[in-house]
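Comments concern the structure below.
Here, residue 1 is the first one in the sequence, and each next residue gets the next number. Note that these values count all heavy atoms, side chains included, but never hydrogens, waters or copies made by symmetry.
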Amino acid sequence: MSEKNVIKCISVNKEKENELIHNSNYGTKLNVDGREMVVKIVGENNEPTIILLPGFPLISPVLHFKPLAEALSDKYKIITIEPFGYGFSDNTSKERKMEFIVSELHSCIKQLGIEKYYLLAHSLSGIYSLYWSNQYPNELLGFIGIDNSIPTINRDYMYNTYYKLIKMFMNLKKNLGFFRIENYFSLQYKKLLDPNYHYTDNELKALKYLFSNKNGNELYFNELENMNYNYDIVEKMKFPSNVPVLNLIIPTNVLIAYDASMYNKLITEKKRSKVIEFKGSHYLHIEKKDEVNNRIFHKYVYIRIFLNNNRVMTINNNNNNNNNNNNNNNNNNNNNNNNNNNNNNNNNNNNNNNNK
């Protein structure tokens, strides 16, 4: 598909943004497709790697995922990516079509030298991850979805009703200057942050800036306009047979309204995969509304079990291979000993014959 330059990139105060990024230790900028994409890496010396992909439309993926990233970074390398148009990443003139979005994100990972990794996606990033897994199946160690979108979505409701309402509402707020008013009175900018996590003053300053200056940008609206196209791309896709899947879903979520059976249809690797249903909100990884969610997501138990099981399986496979090799070596040694014994017996028989 040829690139179609239809999006007018908004002007930003780069000097101001760089200052906010530096003061809040927000992340690192990488050159992707001639533009700057922001990533945040924690647990840098750990393995394996987990790539966090945000839902739509998230003002600051880095700050939104920070509590989850830090909780998992004691054992894993966690990389949060801000796609173009999100957070402090640049805008781009490319349409927000599936091929471009995934290619840009994958290019970012390759620049970091990451060869094998898990994808952890929330909401709309679920369909981008499904496409990604089919484009680069040998790179993925597994997929983790948090109430993630899948191709069997009720698009008549999601696109023709919900997303169009979002677009109309965001346009209205932008044109009337409500984003800046809300920011001034601190009404909305912290809404999608974990209320139990302590963010620094510099991080909140960065968030305020993003809310005032990047919220409702042209890439958001273009991603909405390409929603149907992007769902069409993955409509008949499933996760590859070598990719284990963990889905944590809210079946009562009015925005997605799936059940476990719909997720299971996308999974071809059955032995290590699991779909778990919960009660709660779409942002169940930050909103711990009942005892079960609090117990599970405070320590991210199910995610850890999934990762550890896959790691254990890899170790066991290696051990089994080593044991098989040792057994084969032992069998070969036994065979050699038997052959030597046979040769000795033959020599003894020959000596006896000669004596006679």
Can you find a pair of side-chain heavy atoms, one from Tyr209 and one from Asn13, that are under 4.5 Å apart?
-> yes

Tell me, do Ile41 and Ile78 make a side-chain contact under 4.5 Å, heavy atoms counted?
-> no

Correct closest heavy-atom pair for Ile249 and Ala260 would be CD1-N, 3.8 Å

Tell me, do Glu47 and Tyr76 make a side-chain contact under 4.5 Å, heavy atoms counted?
-> no

List in chain and number order the residues that pass side chain to side chain donor-acceptor pair (under 3.5 Å) with Tyr86, two or more places apart in sequence or in another chain; answer none if no residue qualifies.
-> Glu223

Residue set satisfying side chain to side chain donor-acceptor pair (under 3.5 Å) with Ser89, at least two apart, ordered chain then number -> none

Report the C-alpha distance between Lys77 and Asn46 in whole Å, list the side-chain angles of each, state the deciding distance to 0.1 Å, and finish with yes or no for side-chain hydrogen bond (donor to acceptor under 3.5 Å, both in side chains).
-> CA-CA 5 Å; Lys77 179 189 293 183; Asn46 297 332; over 6 Å; no

Hey, what do you get for CD (Glu269) to NZ (Lys238), rounding to the nearest 0.5 Å?
-> 14.0 Å

Run the salt-bridge test on Lys66 and Glu203 with the 4.0 Å N-O cut-off and return the result as yes or no.
-> yes

Glu36 meets the side chain to side chain donor-acceptor pair (under 3.5 Å) criterion, sequence neighbours left out, with Lys14, Lys29

Could you go step by step and tell me if Tyr197 and Glu70 meet the side-chain hydrogen bond (donor to acceptor under 3.5 Å, both in side chains) rule?
-> CA-CA 11 Å; Tyr197 183 86; Glu70 287 188 352; 2.8 Å; yes

In sequence, state the C-alpha distance, the side-chain angles, and the governing distance for Ser60 and Tyr26, and then conclude on side-chain hydrogen bond (donor to acceptor under 3.5 Å, both in side chains).
-> CA-CA 10 Å; Ser60 173; Tyr26 191 92; 2.7 Å; yes

Side chains of Phe56 and Leu224: does their closest heavy-atom pair fall under 4.5 Å?
-> yes

Side chains of Ser273 and Leu246: does their closest heavy-atom pair fall under 4.5 Å?
-> no

Audit row: Asp232, Asn228, side-chain hydrogen bond (donor to acceptor under 3.5 Å, both in side chains) steps and yes/no | CA-CA 6 Å; Asp232 283 340; Asn228 266 341; over 6 Å; no

All heavy atoms of Tyr231 vs all of Pro151, minimum pair found to be CD2-CA, 4.2 Å

Separation between CD1 of Ile79 and CD of Glu44, rounded to the nearest 0.5 Å | 8.5 Å

pair Pro240-Asn134: side-chain heavy atoms closer than 4.5 Å = yes

Is any NZ, NE, NH1 or NH2 atom of the basic residue among Glu104 and Arg96 found under 4.0 Å from an Asp or Glu carboxylate oxygen of the other?
-> yes

Leu119 side chain near Leu52 side chain, heavy-atom distance below 4.5 Å | no

Got more than 12 heavy atoms from elsewhere within 6.0 Å of NZ, Lys265?
-> no

Going by the side chain to side chain donor-acceptor pair (under 3.5 Å) test, which pairs reach into residues 240-251, not counting sequence neighbours?
-> Asn148-Asn247

Using atom types as modelled and distance alone, determine if a side-chain donor or acceptor of Glu277 lies under 3.5 Å from a backbone N or O of Ile250.
-> no

Separation between CZ of Phe84 and CG of Asp33, rounded to the nearest 0.5 Å = 6.0 Å

For Ser133 against Leu140, the heavy-atom pair lying closest together | CB-CD2, 3.5 Å

Phe65 meets the ring-ring contact (aromatic ring centres under 6.0 Å, His included) criterion, sequence neighbours left out, with His285

Should Phe143 and Tyr118 be marked as a ring-ring contact (aromatic ring centres under 6.0 Å, His included) after you check the CA-CA gap, both sets of side-chain angles, and the distance that decides it?
-> CA-CA 6 Å; Phe143 169 74; Tyr118 289 90; over 10 Å; no

What salt bridge (charged side-chain N to carboxylate O under 4.0 Å, His left out) pairs are there with at least one residue in residues 111-127, not counting sequence neighbours?
-> Lys110-Glu115

